[in-house]
Protein chains: 2
Amino acid sequence: MPESRPRIVPEATVARLAVYLRVLAGLADGGRSHVSSGELASAAGVNPAGLRKDLSYLGPCGVRGVGYSVAGLRDRLTDALGGERSRACVLVGIGRLGSALADYSGFASRGFQFVGLLDTDPATVGHQVGGLTVRPVAELEGLVAETQATIGVITTPADVAQSVCDRLVAAGVRSILNFAPVALSVPAGVDVRKVDLSVELQVLAFLDQQRDGVPPVLAPVRATAQGGVR
Amino acid sequence: MPESRPRIVPEATVARLAVYLRVLAGLADGGRSHVSSGELASAAGVNPAGLRKDLSYLGPCGVRGVGYSVAGLRDRLTDALGGERSRACVLVGIGRLGSALADYSGFASRGFQFVGLLDTDPATVGHQVGGLTVRPVAELEGLVAETQATIGVITTPADVAQSVCDRLVAAGVRSILNFAPVALSVPAGVDVRKVDLSVELQVLAFLDQQRDGVPPVLAPVRATAQGGVR
DNA sequence: AACCGCTTGTGAACGCCTGAACAAAGTCGC
DNA sequence: GCGACTTTGTTCAGGCGTTCACAAGCGGTT
Ligand SMILES: NC(=O)c1ccc[n+]([C@@H]2O[C@H](COP(=O)([O-])OP(=O)(O)OC[C@H]3O[C@@H](n4cnc5c(N)ncnc54)[C@H](O)[C@@H]3O)[C@@H](O)[C@H]2O)c1
Ligand SMILES: NC(=O)c1ccc[n+]([C@@H]2O[C@H](COP(=O)([O-])OP(=O)(O)OC[C@H]3O[C@@H](n4cnc5c(N)ncnc54)[C@H](O)[C@@H]3O)[C@@H](O)[C@H]2O)c1
């Protein structure tokens, strides 16, 4: 059996692999059997050469002169990104954003299943959201242990996000997706990814201003003499 | 002395500047007058040297031996990231996610104001969300022209996201924040940033699997790293 | 069977960003 | 006023990621 080489995959590549996988799933539904790197790259919004390099981390996946087998590549990517098995997620903070996430069907189709919704607000606890009943946050530890959840999603206000994070980690969760606008500190061995929507808007505002303001005036300036007053 | 010329600022740095700005706002509310790069970096979840390098793109901002003036640096960052003026945003697709965004108060405090909410669903149009009335998507062009909105946020289903994007661009919007899981194609001069939550979960799943699969391989163990997009 | 067109896979150059060390500069104590 | 301490701003090197360009390989065709 040809052992697949466990090369190191850059994190940026992993994120793009997930995008390729989604595009491939759509192509498979459309009945396509083969696809070229150019077409796939176009649909994913990336450079064709970069896409081929990304896929090369998984070893040879395509057929030269033909392209990639849609179903074959899809399965390969699925396997590389964590396999078929469904991953249990707990969601803490069932407010406006948390409710939207809990109700979203797009996660389940990718193997991510919410197994617990937690909140402190008595007015929220007991409600049915996305087929689950919101439970009091006191049950967090028991829920994680019981369901073996590996992913925790934090959609609480910022001031309690760190304490929620600490409890999740202590309960055994090793992957956290954080929507609260704070930098969480976690022990080594725990991964945190942060989604910061305000930052996204602010970056857009900056790019907008830069475009109008002083566009490409001093792009290639390589002035090494920084001492002089400008 | 002439105003300091804006050097080329890497986009990754811009995103972090927005984070620093938020931390500084919190410190200012707390009454702090000065802060060191170490403390600020800790609160933002980055390396102190990297933070100083980021700030150096704006020219000298601090006082050696003392640190940074909280209010001074906050104002400087605010200016660098697009000024004080409030930016008008239109939100298309007032479903679960769109409603959560429209209702969120955290954007207004950073100068981003929703001036229009658009949807096609007759059951949604006319409803009051976040102080605004949802209007039919047919009014998109008129609304953008009238309000001079510069930012468009897309929270529609994926299959109509491209057409919505095209209409926004044609109406004059030059910055787009896209939550739909598709790669939007836009003409040059228009900036798109994409938020893809499924990808975030998939990356976490990959890291989780990698950790369990081949533990002793990864040399670079980062303590409290916070992912970025990058 | 051999050629030809097409597409993949990869090597190497380039540019960007990150992390650490060092020098400049300002303040506080005396 | 002066020294020493603190903290910034900058420079340097290293790693990572992206892009280009081309050789290698496969299918179809004659
Ligand atoms: N809604 C958005 O569009 C948006 C955008 C950007 C960032 N965010 C961030 O996402 C987070 C949630 O936003 P939201 O709009 O849903 O807020 P929200 O107030 O609607 O919801 C927060 C929920 O967390 C619950 N909660 C509070 N303390 C808790 C605790 N200790 N344990 C468990 N649950 C607790 C509250 O009861 C509430 O239901 C916030 O940090 C916010 O800054 C939201
Ligand atoms: N809800 C989530 O947690 C979540 C997570 C990840 C991604 N997303 C993505 O965000 C988008 C919205 O998600 P959602 O859960 O809010 O979906 P939703 O179905 O609740 O809302 C979509 C809204 O868009 C409106 N709409 C449809 N066609 C339109 C058009 N042509 N013009 C204007 N409005 C139109 C619909 O009437 C509806 O109100 C989807 O693309 C989804 O894939 C959502």
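A, B, ... follow the sequence lines: proteins, then strands. Residue 1 opens every chain. The structure presented is a predicted model; accordingly, all values stated were derived computationally and were not measured.
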Please list each protein N or O that sits under 3.5 Å from an N or O in nucleotides 28-30 of chain C, with the distance.
none

A/Arg52: which residues meet the side-chain hydrogen bond (donor to acceptor under 3.5 Å, both in side chains) condition with it, sequence neighbours left out? A/Ser37

Could you note down all residue pairs passing salt bridge (Lys or Arg N to Asp or Glu O under 4.0 Å) where residues 25-37 of chain A supplies at least one of them, sequence neighbours left out? A/Arg32-A/Glu39

Tell me, which pairs form a side-chain hydrogen bond (donor to acceptor under 3.5 Å, both in side chains) where one or both residues lie in residues 172-192 of chain B, sequence neighbours left out? A/Arg211-B/Asp191, A/Asp212-B/Arg174

Mind checking side chain to side chain contact (heavy atoms under 4.5 Å, CB included) for B/Ala25 and listing every partner two or more places apart, or none if nothing turns up? none

Separation of atom CG in B/Leu55 from atom P in D/dT7, rounded to whole Å: 16 Å

Enumerate the protein-to-nucleotides 22-24 of chain C contacts in which both atoms are nitrogen or oxygen and the separation is below 3.5 Å.
| residue | atom | partner | partner atom | Å |
| --- | --- | --- | --- | --- |
| C/dA24 | N3 | B/Arg64 | NH1 | 2.7 |

Proximal nucleotide (of D/dT8, D/dT11, D/dT19) relative to the A/Asn47 side chain: D/dT19

Those residues that, when tested against A/Lys53, pass side-chain hydrogen bond (donor to acceptor under 3.5 Å, both in side chains) (two or more places apart): none

Quick one: list whatever passes side chain to side chain contact (heavy atoms under 4.5 Å, CB included) with A/Ala41, sequence neighbours left out. A/Val46, A/Pro48, A/Leu51

Within residues 12-36 of chain A, find the residues that approach DNA chain D with a heavy atom at under 4.0 Å, and present them sorted by residue number. A/Arg16

What residues form a salt bridge (Lys or Arg N to Asp or Glu O under 4.0 Å) with B/Arg16, not counting sequence neighbours? B/Asp54

Taking side-chain hydrogen bond (donor to acceptor under 3.5 Å, both in side chains) as the definition, give me every residue that meets it alongside B/Asp75, ordered by chain and number, with sequence neighbours left out. none

To the nearest 0.5 Å, what is the distance between OH on B/Tyr68 and SG on B/Cys61? 7.0 Å

Mind checking salt bridge (Lys or Arg N to Asp or Glu O under 4.0 Å) for B/Arg167 and listing every partner two or more places apart, or none if nothing turns up? B/Glu141

